[in-house]
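Each remark here refers to the structure printed beneath this line.
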Amino acid sequence: MTVVQHITVLGATGSIGLSTLDVIARHPDRYQVFALTGFSRVAELEALCVIHKPRYAVVPDTVVAQQLQANLRAVGLPTEVLYGAQSLCEVAAHAEVDAVMAAIVGAAGLPPTLAAVEAGKKVLLANKEALVMSGALFMQAVKRGGAVLLPIDSEHNAIFQCLPGDYARGLDKVGVRRVLLTASGGPFREMPLDQLHAVTPEQACAHPNWSMGRKISVDSASMMNKGLELIEACWLFDASPAQIEVVVHPQSVIHSLVDYVDGSVLAQLGNPDMRTPISHALAWPERIDSGVAPLDLFAVARLDFQAPDELRFPCLRLAREAAQAGGTAPAMLNAANEVAVAAFLERRIRFPEIASIIEHVLQAEPAVAVECLDTVLVADGRARNLAERWLAQR
Ligand code: NDP
Ligand code: MG
């Protein structure tokens with residue numbers, strides 16, 4: 001008999017949140033929604049509450065909470081509406097929760113994801129920024145809390161599937177030579193370099209293979225996404241940056257590969273649909289139907305591979321340098337990138353300036369060793385200030 005698992009979905013109104021709820025709804029015998037959280041899309045959150053009937057819903061402030069509570073009562077729903085950052089942590093760490101989908105975008109997702117980890121939950125990690133910011137502390141908290149951490153990012157989920165069950169002994173010990181992290185190259189992979197300064201947020205968000213939130217879409221266009229993923233992979237699999245190679249693979253059918261010392265290379269393939277890694281992590285170590293169509297290799301027909309062009313994608317170089325520098329460098333890289341991407345989406349800067357801001361911040365503020373979460377949050381704040389000042393003086 002399957003025991004029903006109670007799930008909190010942090011960032012339920014986003015792209016990953018909605019895909020997660022799609023999978024959950026296919027398996028009412030296995031999963032029940034415990035809490036849903038949203039931020040600006042409150043009408044969407046209300047509609048999700050009506051469908052999934054969670055015990056709790058979380059919104060950013062009290063005014064929104066009162067309105068949502070009244071609306072839910074009016075339709076006879078018992079959902080209790082909470083508000084604020086502390087409530088996000090509470091629904092992530094609640095004693096009755098079995099698994100938490102961490103799908104808030106950016107640094108805002110760090111505290112509730114850490115709360116879930118500290119509480120020893122099964123944590124499905126989409127929010128890569130949390131791990132990039134505080135990798136060492138985060139992985140220590142996973143051990144301390146006894147959490148089960150399962151990667152949702154399609155590449156890391158693929159790597160996890162291609163590694164042996166005992167990979168935590170060390171990649172060298174299990175015969176891994178390299179991890180090959182695939183990247184689509186995004187919408188600007190072949191655009192003439194002199195046209196990049198004129199691209200719009202709409203063009204940057206129109207990813208050729210994946211449908212995602214706006215921030216990660218811009219990160220994919222700049223390849224900062226792959227840079228963040230490189231850092232994420234280092235922490236998840238205890239790898240050095242040198243053990244990870246980025247491979248541009250425009251079709252996004254191979255989601256990543258593991259190269260073993262005997263010459264075997266294992267890959268995970270599938271249609272580019274996040275419901276596959278979400279289903280994998282939700283059901284792990286079992287397998288469940290995700291609603292994703294079977295891969296049609298005859299329709300795919302060919303798989304191409306290229307080396308990444310770091311002249312076109314300086315963000316990838318900056319991320320690799322931050323990974324090598326360690327300490328607070330990845331947190332500053334992430335913070336500067338969040339400010340830069342928001343400014344680009346608001347049309348305050350041009351696309352190539354995203355990398356310029358990040359490079360400026362990393363040069364202006366030396367990285368220091370991470371002692372505790374405060375060190376990370378201070379570095380995050382300083383990087384944001386430096387980036388904002390760059391924007392103001394521009
Ligand atoms: P979306 O922008 O679609 O969704 C983000 C979610 O976070 C929304 O529910 C949003 O609420 C909520 N949110 C935003 N800001 C805050 C805040 N300050 N406090 C609380 N909640 C907030 O992003 P995605 O779903 O695309 O991505 C989510 C995470 O997953 C990111 O870290 C991304 O890098 C990662 N990821 C995504 C993939 C994808 O295919 N989309 C693939 C791999 C990783 P609201 O919408 O109500 O404002
Ligand atoms: Mg990814």
Side-chain angles (χ1 to χ4, degrees), residues 8-22 35-49 57-61 64 68 82-89 91-92 101-113 115 123-133 150-160 181-186 205 207 209-220 222-233 236 246 249 252 254-256 268 270-278 281 292 334 337-338 341-342 345:
T8 284
V9 184
L10 301 169
T13 46
S15 167
I16 293 286
L18 294 175
S19 292
T20 305
L21 291 170
D22 180 283
L36 296 177
T37 87
F39 194 67
S40 62
R41 289 177 269 195
V42 185
E44 285 85 343
L45 183 62
E46 183 177 330
L48 293 175
C49 288
V58 185
V59 292
D61 64 69
V64 175
L68 180 59
L82 310 174
Y83 66 91
Q86 185 52 36
S87 297
L88 292 176
C89 294
V91 297
M101 167 56 78
I104 290 175
V105 62
L110 176 60
T113 307
V123 178
L124 318 184
L125 184 71
N127 176 230
K128 63 191 84 184
E129 295 90 346
L131 198 53
V132 167
M133 288 174 74
L150 293 163
I152 292 299
D153 217 336
S154 56
E155 296 77 3
H156 306 74
N157 185 270
I159 295 162
F160 180 81
L181 195 61
T182 54
S184 69
C205 289
H207 196 279
N209 308 332
W210 297 95
S211 156
M212 309 182 285
R214 282 162 71 77
K215 193 263 177 182
I216 183 175
S217 296
V218 176
D219 284 347
S220 297
S222 69
M223 279 192 83
M224 177 54 91
N225 184 47
K226 214 47 55 183
L228 298 177
E229 289 184 357
L230 186 147
I231 300 170
E232 184 186 9
L236 284 173
V246 174
H249 162 50
S252 298
I254 297 181
H255 299 306
S256 278
Q268 187 257 359
N271 286 318
D273 187 323
M274 290 306 293
R275 290 177 301 172
T276 294
I278 290 167
V292 176
N334 177 65
N337 181 56
E338 284 191 26
V341 171
L345 287 171

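Keep in mind that what you see is a predicted model, and the values were worked out from it rather than measured. Residues take their numbers from the sequence shown, with the count starting at 1. Remember, it's 1-based here, ligands and their atoms both numbered in the order they're listed. Basis for what follows: all heavy atoms, side chains included, without hydrogens, waters or symmetry-related copies.
- Shown here for Leu125 and Thr113, the closest heavy-atom pair between the two residues is CD1-CG2, 3.7 Å.
- Annotation: Arg41 places an N or O atom under 3.5 Å from an N or O atom of ligand 1; distance criterion only.
- Between Phe39 and ligand 1, at least one pair of N/O atoms sits closer than 3.5 Å.
- Given atom 3 (O) of ligand 1, the protein heavy atom at minimum distance is Ser15 N, 2.9 Å.
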- Task: Decide side chain to side chain contact (heavy atoms under 4.5 Å, CB included) for Ser211 and Asp273; before the verdict, give the C-alpha distance in whole Å, the side-chain angles of both, and the deciding distance to 0.1 Å.
- Result: CA-CA 8 Å; Ser211 156; Asp273 187 323; over 6 Å; no
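- For Met274, every heavy-atom contact with ligand 1 shorter than 4.0 Å involves the side chain, none the backbone.
- Of the angles at the Mg ion (ligand 2), the one spanning OE2 of Glu229 and OD1 of Asp153 is 90° when given to 10°.
- Summary of contacts: the protein heavy atom closest to atom 34 (O) of ligand 1 is Lys128 CE, 3.3 Å.
- Here the NZ-CD distance, from Lys215 to Glu129, works out to 4.0 Å after rounding to the nearest 0.5 Å.
- A donor-acceptor pair is defined here as one N or O able to donate and one able to accept, closer than 3.5 Å; no such pair exists between the side chain of His255 and the backbone of Asn157.
- In Glu155, the N, O or S atom that comes nearest to the Mg ion (ligand 2) is OE1.
- Shown here is Phe160, whose CZ atom has more than 12 heavy atoms of other residues, nucleotides or ligands within 6.0 Å.
- Atom 48 (O) of ligand 1 has its closest protein heavy atom at Ser40 OG, 2.6 Å.
- Interface of Ala108 with ligand 1, defined as ligand atoms under 4.0 Å from a residue heavy atom, comprises 17 (C), 18 (N), 19 (N).
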- Task: List the steps, then state whether side chain to side chain contact (heavy atoms under 4.5 Å, CB included) holds for Leu18 with Thr13.
- Result: CA-CA 6 Å; Leu18 294 175; Thr13 46; 5.8 Å; no
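- Counting heavy atoms closer than 4.0 Å to ligand 1, residue Thr13 contributes atoms from both its backbone and its side chain.
- Smallest separation of non-hydrogen atoms from Leu228 and Asn337: CD1-ND2, 4.5 Å.
- Here the CD-CG distance, from Glu338 to Asp219, works out to 8.5 Å after rounding to the nearest 0.5 Å.
- Nearest to atom 14 (C) of ligand 1 by heavy atom, out of Val105, Ile278, Ile152, is Val105.
- Residue Trp210 has no N or O atom closer than 3.5 Å to an N or O atom of ligand 1.
- With hydrogens and angles ignored, the 3.5 Å screen pairs a side-chain donor or acceptor of Ser256 with a backbone N or O of Thr182.
- Considering backbone and side-chain N/O of Leu88, none are found under 3.5 Å from N/O of ligand 1.
- For ligand 1, the atoms sitting less than 4.0 Å from at least one non-hydrogen atom of Gly14 are 1 (P), 3 (O), 4 (O), 8 (C), 9 (O), 25 (O), numbered in the order shown with element in parentheses.
- Remark: minimum distance from atom 25 (O) of ligand 1 to any protein heavy atom is reached at Ile16 N, 2.9 Å.
- Side-chain contact between Thr276 and Gln268: present, with at least one pair of heavy atoms (C-beta onward) separated by less than 4.5 Å.
- A donor and an acceptor atom, one from each side chain of Lys128 and Asn225, are located under 3.5 Å apart.
- Only the side chain of Glu129 comes within 4.0 Å of ligand 1, judged by heavy-atom distances.
- The nearest non-hydrogen atom to atom 21 (N) of ligand 1, considering only Ile104, Asn157, Thr37, comes from Ile104.
- Less than 4.0 angstrom separates some heavy atom of Met212 from each of these atoms of ligand 1: 26 (O), 39 (C), 40 (O), 41 (N).
- Within the model, atoms CG of Asn209 and OG of Ser184 stand 5.5 Å from one another, a figure rounded to the nearest 0.5 Å.
- The protein atom (non-hydrogen) at minimum distance from atom 28 (C) of ligand 1 is Ala103 O, 3.4 Å.
- When only interatomic distances are considered, the shortest N/O to N/O separation between Asp153 and ligand 1 does not fall below 3.5 Å.
- Considering backbone and side-chain atoms together, Gly213 places an N or O closer than 3.5 Å to an N or O of ligand 1.
- Residue-level proximity to ligand 1 for Ala126 is carried by backbone and side chain together, each with a heavy atom below 4.0 angstrom.
- Looking from atom 33 (C) of ligand 1 to the surrounding protein, the closest heavy atom is Ile216 CD1, 3.9 Å.
- Close contacts of ligand 1 with Asn127, meaning ligand atoms under 4.0 Å from a residue heavy atom, involve 32 (O).
- Of the N and O atoms on the side chains of Glu232 and His156, at least one donor lies less than 3.5 Å from an acceptor on the other residue.
- Looking at every heavy atom in both residues, Gly106 comes nearest to Asn127 through O-ND2, 3.1 Å.
- For Gly17, the heavy-atom gap to ligand 1 stays at 4.0 angstrom or more.
- The only option from Thr37, Val59, Leu82 that meets the side chain to side chain contact (heavy atoms under 4.5 Å, CB included) definition with Ser87 turns out to be Leu82.
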